[in-house]
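Here is the structure we will look at, set down as structure tokens.
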Amino acid sequence: MLTNLPTWTTDRVELLKSHFEAGLTCREIAASIGVSRNAVIGKLARLQLTRGPARAEPRPTKVARERSRKSIPRLQYQILQAVYENAHPLENAQPLQEEPIMSERRCSLIELSNERCRWPIGSPGAEDFCFCGNTPVEGMPYCSGHTRLAYRPGTRQRVSRA
DNA sequence: CCCTGATTCGC
DNA sequence: GCGAATCAGG
């Protein structure tokens, strides 16, 4: 195999520029030159050629995006689901069991406030559905126990489709 | 859903 | 430097 095919030769770059100035779309330019659309776009970017003004808000870096996805609050039923899945084997001492969280001041939706833990208890829509109502951690929507539950990182959600 | 250009980042 | 992946917007 030829290891060094010069992708962007001088004449290809000239074709790129002329087609770009002619107003062809990147896809059309790519087809005409025989490269991928991304290759054209990437080369144009490196040549500092753009049609419109660059996007106002630079999007967060990949690392930042992955980080922000790590500690998302999980719904109660998702946690219960995980518990059931991990509870199959006979010996399962305590997979992710900690001290039970007592909710002594359960309240309804309309009674929620910044002073009441917003952790849902029961099934939404059910007759006895309510919220924990404990005093939240400062600046958090949940009490200390439910904050630990909701924001414990590391447990990946299963979203994969079969 | 399709398309577009723009950006990031592993290679 | 290159371009696939991924984004935002139409």
Side-chain angles (χ1 to χ4, degrees), chain A residues 1-89 95-96 98 101 109-110 112-126 129 131-132 136-162:
Chain A
M1 319 167 188
L2 299 181
T3 56
N4 43 4
L5 332 167
T7 48
W8 286 110
T9 58
T10 307
D11 42 321
R12 279 190 176 186
V13 173
E14 281 193 43
L15 274 178
L16 171 71
K17 287 180 182 173
S18 59
H19 286 156
F20 174 81
E21 284 159 22
L24 295 181
T25 68
C26 290
R27 176 163 295 286
E28 290 167 332
I29 298 173
S32 140
I33 298 182
V35 297
S36 72
R37 187 180 74 99
N38 273 332
V40 169
I41 292 175
K43 185 58 178 175
L44 285 175
R46 265 169 260 125
L47 293 174
Q48 309 281 337
L49 294 177
T50 55
R51 285 187 210 278
R55 196 157 352 114
E57 189 174 334
R59 56 183 169 107
T61 68
K62 190 182 185 182
V63 179
R65 274 183 276 117
E66 287 174 353
R67 281 195 67 79
S68 68
R69 201 175 307 193
K70 272 181 182 171
S71 279
I72 57 174
R74 285 167 292 142
L75 295 176
Q76 182 189 37
Y77 78 86
Q78 290 175 319
I79 295 170
L80 291 174
Q81 204 171 37
V83 169
Y84 287 135
E85 286 177 5
N86 291 338
H88 285 159
L96 37 100
E98 298 185 9
I101 300 168
L109 173 63
I110 56 169
L112 281 181
S113 72
N114 289 341
E115 307 307 317
R116 311 296 288 271
C117 172
R118 298 171 185 270
W119 190 264
I121 295 177
S123 303
F129 179 66
F131 295 86
C132 168
V137 176
E138 174 67 24
M140 303 294 275
Y142 305 126
C143 66
S144 60
H146 287 134
T147 294
R148 266 184 270 112
L149 262 189
Y151 294 98
R152 179 159 47 200
T155 310
R156 295 268 16 144
Q157 254 184 66
R158 284 173 183 74
V159 189
S160 60
R161 295 279 93 180

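A, B, ... follow the sequence lines: proteins, then strands. Residue 1 opens every chain.
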*Residues which pass side chain to side chain donor-acceptor pair (under 3.5 Å) with A/T10, listed by chain and number, not counting sequence neighbours*: none
*Say you draw a straight line from CD1 of A/I41 to CZ of A/R27; how long is it, rounded to the nearest 0.5 Å?*
8.5 Å
*Give the rounded distance in Å between these two atoms: CG of A/L16 and P of C/dC2.*
11 Å
*asked:* Rounded to whole Å, please give me the gap between NZ in A/K43 and C1' in C/dG1.
replied: 7 Å
*Of all residues at least two apart in sequence or in a different chain, which pass the ring pair (Phe, Tyr, Trp, His ring centres under 6.0 Å) check with A/F20?*
none
*asked:* Using the side chain to side chain donor-acceptor pair (under 3.5 Å) criterion, which residues pair with A/S144? Sequence neighbours excluded.
replied: none
*Under 4.0 Å between a side-chain N or O of A/S36 and OP1 or OP2 of C/dA4?*
yes
*Just how far, in rounded Å, is C1' of B/dT4 from CD1 of A/I41?*
8 Å
*Roughly how many Å is it from CH2 in A/W8 to P in C/dG3, rounded to a whole number?*
7 Å
_Sub-4.0 Å heavy-atom contacts from residues 17-32 of chain A onto DNA chain C, ordered by number_ = none
*Give one of base, sugar-phosphate or nothing for A/R46, where a contact means two heavy atoms less than 4.0 Å apart.*
base
*Tell me: CG of A/L49 to P of B/dA6, nearest whole Å?*
10 Å
*When the distance from CG of A/N38 to P of C/dA5 is rounded to whole Å, what number comes out?*
8 Å
*asked:* Applying side chain to side chain donor-acceptor pair (under 3.5 Å), can you list everything that pairs with A/S32, at least two apart in sequence or on another chain?
replied: A/H19
*Sequence neighbours left out, what passes side chain to side chain contact (heavy atoms under 4.5 Å, CB included) with A/L109? Give chain and number order.*
A/L112, A/F131
*When the distance from CG of A/L44 to P of B/dG5 is rounded to whole Å, what number comes out?*
9 Å
*In whole angstrom, what separates A/R37's CZ from B/dC3's P?*
9 Å
